[in-house]
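Data block below; observations after.
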Amino acid sequence: MIPLFLGWRCSRALLKLNTTTTTAATATATATATSLLNLIRHNSSFPSSQHHHHEPAMSLMRFRSSCRSLHLREPCTSTSTSDHTHLLISAFNTETSNQHFFSIPIFHPPKLSLGSLTPLFTLPSHPFGLTSSQYLNPFFLLHHADYPHYDHTPILTYNPTTQQTLTLPHDPPLPAATTTTWNVRTHFGFDPSTKHHKVLRVKWTEPIPRSIPKVINMVFTVLTLDSDGSGSGSWRRINPVLPFDPKKYVNGGESVCVNGAIHWLTRYGDSIVAFDLKDEKFRLIPLPHDYKDLNFDSFRFQFERLFELGGCLALISDNATQHHFTLELWILKDYNNHVWVKESICFPFRWRKQGQPIPIGTIPTGEILLKPLSLDVSATAWVLFYDMEGQSFKKIDITGLPEWVYSSGTRIIRTISVYGG
């Protein structure tokens, strides 16, 4: 067998191609007319010398190695109850300043594949576009990613099943004459004990006039959503006791809701912040000890983030930039006792040179879904599925997107999320 990559340290690798052609009918919704294709073709960007053709039309890459890894033989219980899984993709058109949302069904094994892309809806939004939160059945929350544009863009809920999009009220602004707001984050959560979805807004503020030493405050407001995803109630100001220093625990990434709590990483500090949605109180979850040894820099890299892995909180490392072929992650198997289990994903390619794929969630069959952080302007959008049990990968191109997506570069793809239903 020809080695997959020069310098690859794992002892065995198997590259296999398989083919199929899949079409699927999905519900249609209003959207701007775009030229869409009905084929999703599997196509690998790896060197052609690695390919063995068995059937036409699609390619399947399988990789197995003897890299040391702790497999999840007993996976965490998933919060999803649906076997119908989709990708939600949004792309921002720089010429029209419109943001377009699309859906693609994921067909599960024995032939894991993507179906036909369907346009969902179009939003005229802020020039930077909106990002989608984690899917919490049955809603997404759509909001701006960061300050200072938070008060100029809408906050929306989107129900993929009903295809209903609702605009939420903005939380009350702070008095500009006495307060400087220099960071804002929007978080989305679901409390299983009350069956309520909640939106949490966190603002880092500084009083005017400024003092020495600097005083940083955190302002918290909460909006409880109705069953249809609307926010007919009012934002509530809460004043929880903080078990951390606001200056030290500035938010450093997207949040994840697991076990009735919203979690986020911090730019500094050695813990994960958890906000319990039932009692609306904060607590800290210690980072894994070996994680802190590997990630010794106090500043968190932008691609380091939390995600949900089969109903468990999971954390990925930034050390792939150093190890090239390996991405390490930790799974919080015992939530109450803070027991982390370490895993390693061994790629058959240099991680940075192949778009820096990072995990964003799991599908009901257990595969981890990864998306690239960066691609060349001319590159086709794609996702990667990883089977932890078999240490196998499957890379699938996303085709059927409007031509302006590819001509402008895949960097204008704002979000790729997974949802059930």
Side-chain angles (χ1 to χ4, degrees), residues 90 125-126 128-136 139-158 168-174 176 179-191 197-206 215-225 231 235-258 260-269 271-277 280-285 287 298-308 313 315 360 414-415 417:
S90 73
S125 62
H126 190 275
F128 292 103
L130 303 180
T131 185
S132 66
S133 68
Q134 173 193 13
Y135 174 74
L136 299 173
F139 304 116
F140 280 103
L141 190 76
L142 308 178
H143 57 88
H144 196 271
D146 204 356
Y147 184 82
H149 307 290
Y150 73 97
D151 56 352
H152 302 296
T153 56
I155 305 175
L156 308 171
T157 59
Y158 172 63
L168 302 180
H170 273 296
D171 58 321
L174 297 175
T179 304
T180 297
T181 301
W182 54 271
N183 196 6
V184 177
R185 288 286 178 168
T186 304
H187 305 283
F188 189 41
F190 176 71
D191 178 10
H197 290 79
K198 293 183 179 181
V199 182
L200 171 68
R201 295 272 268 177
V202 184
K203 299 178 182 179
W204 282 261
T205 66
E206 188 175 356
V215 175
I216 300 297
N217 298 313
M218 294 177 72
V219 178
F220 306 94
T221 51
V222 175
L223 179 65
T224 301
L225 302 184
W235 287 87
R236 296 178 289 109
R237 177 84 171 264
I238 62 173
N239 296 288
V241 176
L242 300 182
F244 52 83
D245 183 348
K247 288 185 293 186
K248 187 177 181 181
Y249 282 83
V250 175
N251 182 275
E254 298 175 3
S255 60
V256 172
C257 182
V258 175
I262 297 172
H263 307 80
W264 68 76
L265 283 168
T266 61
R267 291 188 182 273
Y268 303 93
S271 300
I272 295 170
V273 174
F275 177 74
D276 288 306
L277 291 160
E280 298 183 349
K281 294 181 180 179
F282 283 96
R283 53 186 170 80
L284 296 177
I285 297 177
L287 291 169
S298 60
F299 183 80
R300 309 291 182 222
F301 287 90
Q302 64 175 349
F303 54 80
E304 175 191 58
R305 64 185 64 190
L306 298 170
F307 71 103
E308 181 187 359
L313 189 67
L315 168 68
I360 60 173
R414 289 291 180 262
T415 59
S417 306

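All heavy atoms count here, side chains included; hydrogens, waters and symmetry mates do not. For the single chain, residues carry numbers from 1 onward in sequence order. Bear in mind the structure is a predicted one, so any value in this text is a computation, not a measurement.
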For this session: Start with the C-alpha gap between V273 and T266, add the side-chain angles, then the distance that decides, and say whether side chain to side chain contact (heavy atoms under 4.5 Å, CB included) holds.
Result: CA-CA 7 Å; V273 174; T266 61; 3.7 Å; yes
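- Taken to the nearest 0.5 Å, the OG atom of S271 stands 9.0 Å off from the CD1 atom of I285.
- Remark: L306 CG to L265 CG distance equals 4.0 Å, nearest 0.5 Å.
- Taking NE2 of H263 as the reference point, atom CD of E254 lies at 15.5 Å (rounded to 0.5 Å).
- Between L130 and R414, every side-chain heavy-atom pair lies at or beyond the 4.5 Å cut-off.
- Separation of atoms CG (L168) and CG (L156) is listed at 7.0 Å; rounding is to 0.5 Å.
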For this session: Report the C-alpha separation of K203 and T179 in whole Å, then their side-chain angles, then the decisive distance to 0.1 Å, and conclude whether the side chain to side chain contact (heavy atoms under 4.5 Å, CB included) test is met.
Result: CA-CA 11 Å; K203 299 178 182 179; T179 304; over 6 Å; no
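- Considering all non-hydrogen atoms of both residues, F190 and C257 come closest at N-SG, 3.3 Å.
- Side-chain contact between W235 and H170 is absent, with no heavy-atom pair separated by less than 4.5 Å.
- Atoms CH2 and CH2, on W182 and W204 in that order, are 7.5 Å from each other to the nearest 0.5 Å.
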For this session: Could you check L242 against F282 for side chain to side chain contact (heavy atoms under 4.5 Å, CB included), going step by step and ending with a plain yes or no?
Result: CA-CA 6 Å; L242 300 182; F282 283 96; 3.8 Å; yes
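- Put simply, the side chain of L313 reaches to within 4.5 Å of the side chain of V256, judged on heavy atoms.
- Residues R237 and T221 have side chains that never bring a donor and an acceptor to within less than 3.5 angstrom of each other.
- Salt-bridge annotation for D191 and K198: absent, with no side-chain N of the basic residue lying under 4.0 Å from a carboxylate O of the acidic one.
- With respect to F188, the side-chain contact (heavy atoms from CB on, under 4.5 Å) criterion is satisfied by exactly one of Q134, H197, H143: H197.
- I262 and S255 make their closest contact through CG2-CB, 3.7 Å (heavy atoms, listed as atom of the first residue, atom of the second, distance).
- Rounding to the nearest 0.5 Å places CZ of F307 at 10.0 Å from CD1 of I360.
- At a cut-off of 3.5 Å, with distance as the only test, a side-chain donor of S90 or T415 sits close to an acceptor on the other residue.
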For this session: Decide yes or no on side chain to side chain contact (heavy atoms under 4.5 Å, CB included) for V199 and T157, but give the supporting numbers first.
Result: CA-CA 10 Å; V199 182; T157 59; 5.9 Å; no
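- Among all heavy-atom pairs drawn from M218 and F244, the shortest one is SD-CE1, 3.6 Å.
- The minimum heavy-atom distance between E206 and V215, with the atom names listed, is CG-O, 3.5 Å.
- At least one side-chain heavy atom of W264 sits under 4.5 Å from a side-chain heavy atom of H187.
- Considering every non-hydrogen atom in both G231 and L223, the closest pair reads CA-CD2, 4.2 Å.
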